[in-house]
Amino acid sequence: MPTTIIAVDRDGTRHSLVWDEDQTLMETLRDNDLPVLASCGGTASCATCHVYLEEPVAARLGERSADEAELLADAEGFRECGSRLSCQIGHDAAHDGILVELAPEG
Amino acid sequence: MRENIQTASPAVVIVGSGHAGVGVAAGLRSRGWEGRIVLIDAEGQLPYERPPLSKDLLVPGAPAEPVPMRKESWFESRGIERVHGTAASIDRGRREVRLADGRALHYVKLILATGSTPRRLTVPGADLDGVLMLKTLPDARRLAAELAPSSDTAQDAARHVVVIGAGYIGLEVAAAAAKHGCRVTVLEFQDRVMSRVTSEPVSRFFEGLHGRAGTEFRFGAAVTALEGTRSPDGAGRVEWVVTADGARHRADVVVAGIGVIPEQGLAADAGLEASDGILVDAGGRTSDPDIYAAGDATRFASLYDGASQRLECIQNARAQAEAIAADITGQAPPAPEVPWFWTVQHGVRLQTAGVRHPDDDVLLRGDPANGKFSVIYLRGGRVAAVDTVGSLADFNAGKKLVAQRATIDPSLAADPSLPLDQAIAPLEPAAL
Ligand SMILES: Cc1cc2nc3c(=O)[nH]c(=O)nc-3n(C[C@H](O)[C@H](O)[C@H](O)COP(=O)(O)OP(=O)(O)OC[C@H]3O[C@@H](n4cnc5c(N)ncnc54)[C@H](O)[C@@H]3O)c2cc1C
Ligand code: FES
């Protein structure tokens with residue numbers, strides 16, 4: 001069973017995407033043409049892959065790494081609960097069906 | 001005999017599939033370009049991320065495979081054709097790129113994304129085995145194999161690695177070699193590490209970090225020769241690095257990280273303006289309206305102060321690629337972005353927004369002794385660049401200050417307990 005997710009674009013459009021096992025969430029968004037710059041190639045350096053996750057999903061991921069926390073604290077539209085760097089989220093079948101919303105650019 | 005690869009539909013031909021080349025291809029498709037896109041590349045493998053070559057891929061227990069820039073299936077599903085070959089010349093009259101093997105490709109727009117090549121050592125002995133550079137995946141694999149102690153000989157356990165050049169790549173290699181238990185010596189012509197890109201406090205901090213891991217530095221060191229025992233056929237392996245002061249440094253492996261040279265040959269031979277980089281404008285346009293260039297291969301005017309510059313970083317390659325994709329598809333250019341860079345050494349990250357000049361005023365924010373601090377570079381009283389060390393908290397704020405050319409109150413900015421953007425001081429109307 002492929003893992004699918006719902007990605008919500010910045011204009012509110014919803015896209016249903018398949019999340020391949022060998023990709024991070026950022027790669028899945030980027031390779032499906034969502035406007036995720038991912039300038040740093042997924043090394044937690046740029047925050048351009050910032051997304052919002054629903055609370056239970058974010059909780060399942062556990063604590064943010066120090067780099068992730070520092071980068072996000074200052075990012076446009078930061079939310080204490082839900083803001084994550086999508087490049088730091090590896091594939092997990094438990095994430096099937098989750099809603100991922102792109103945070104504003106900036 | 002020249003064989004033409006299908007010339008029927010209009011093609012954007014891209015030479016080089018590094019970050020710039022793949023970036024143009026991705027940008028064109030996402031902006032609705034429906035014509036052919038052909039990516040020519042000499043490396044002949046799925047385009048991959050370069051930064052990990054000197055970081056994650058070199059340390060013990062490194063993953064065997066590089067991080068692909070995009071999956072194979074992405075190129076296929078987007079109809080982006082990949083051609084393995086070396087572009088040898090451009091016929092601007094016929095709008096053709098010729099490959100070394102004789103094939104020719106017709107273009108409506110041509111993108112030169114040929115990147116850069118590491119500068120080679122020219123001293124005697126530079127041809128000895130064990131003298132390496134780091135640019136490509138095969139380079140990284142060769143180096144990783146040299147750094148890893150093999151089981152055959154006991155002395156392998158403490159291989160002597162001499163790194164020539166204390167820039168980003170040299171230091172990243174030095175850190176990886178130290179992690180492998182190698183005995184590392186870094187030879188640097190200047191009097192401190194990363195002197196081209198950062199200020200004294202940052203240099204000294206990183207020097208200390210490497211020093212505590214056992215790495216030795218020799219500053220003011222000019223390499224004059226590499227020596228090794230040669231067999232009658234001339235082959236041999238490096239054993240010593242000799243410097244101008246007469247010192248001899250034991251070496252099983254030598255890694256040269258002495259800068260890069262932009263790959264401008266194709267452009268220059270075709271009569272495009274090039275001088276230590278293919279000259280382009282903010283839209284990536286060369287002096288031929290049908291030819292663009294992006295990435296390490298280019299030289300252009302800084303958006304900050306108009307100074308002519310080359311930028312060897314991912315951010316620049318991607319930003320230029322986007323500007324070109326927008327131009328070709330007739331869309332508005334993307335908003336300019338502050339250039340930025342990063343390096344990770346012994347697990348500590350240095351991240352820089354903006355481009356510092358050696359004569360900028362330097363403002364220290366926080367205490368290097370804590371392992372977390374920032375340095376703010378002021379030019380004419382305005383924020384021109386920000387280095388963040390060990391913490392990314394100031395990075396995005398710093399980038400914004402650079403973009404705004406903000407003026408700041410130095411005493412507020414020096415206080416790390418205040419957010420950096422609270423140090424913005426009112427603009428003087430008469431200021432530049
Ligand atoms: C080891 C290493 C680590 C780095 N780490 C960082 C980092 O942490 N952060 C950062 O911002 N930057 C880093 N950089 C720099 C960054 O990788 C470059 O700025 C970036 O790759 C430039 O992209 P590019 O597309 O212009 O060129 P390149 O990546 O150099 O790609 C050019 C491609 O063109 C091909 N080519 C050239 N000429 C021809 C021809 N005639 N025909 C066909 N193909 C041709 C080459 O084979 C090559 O594949 C690093 C570089 C290296 C080598
Ligand atoms: S892609 Fe840069 S932080 Fe995620």
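Letters go in sequence order (proteins before strands), and every chain restarts at 1.
- The side-chain contact (heavy atoms from CB on, under 4.5 Å) with B:Y48 is formed by just one residue from the set B:V22, B:L57, B:T136; it is B:T136.
- In this structure, chain B has a heavy atom under 4.5 Å from the side chain of A:A47, while its backbone stays farther away.
- Only the backbone of A:N32 comes within less than 4.5 Å of a heavy atom of chain B; no side-chain atom from C-beta onward does.
- The main-chain N or O of B:S116 is found under 3.5 Å from a side-chain atom of B:K135 such that the two form a donor-acceptor pair.
- Ion pairing between A:E54 and A:R79 fails under the 4.0 Å rule for side-chain N and carboxylate O.
- With 3.5 Å as the limit, one finds a donor-acceptor pair spanning the side chains of B:R349 and A:S45.
- For chain A, the option among B:R78, B:K399, B:M69 with the highest count of heavy-atom pairs below 4.5 Å is B:R78.
- With a threshold of 4.5 angstrom between heavy atoms, B:Q351 approaches chain A through side-chain atoms but not through N, CA, C or O.
- Of the possible polar contacts, none joining the B:R70 side chain to the B:A26 backbone as a donor-acceptor pair under 3.5 Å is found.
- Heavy-atom pairs under 4.5 Å with chain B were tallied for A:D33, A:L71, A:D31; the largest tally goes to A:D31.
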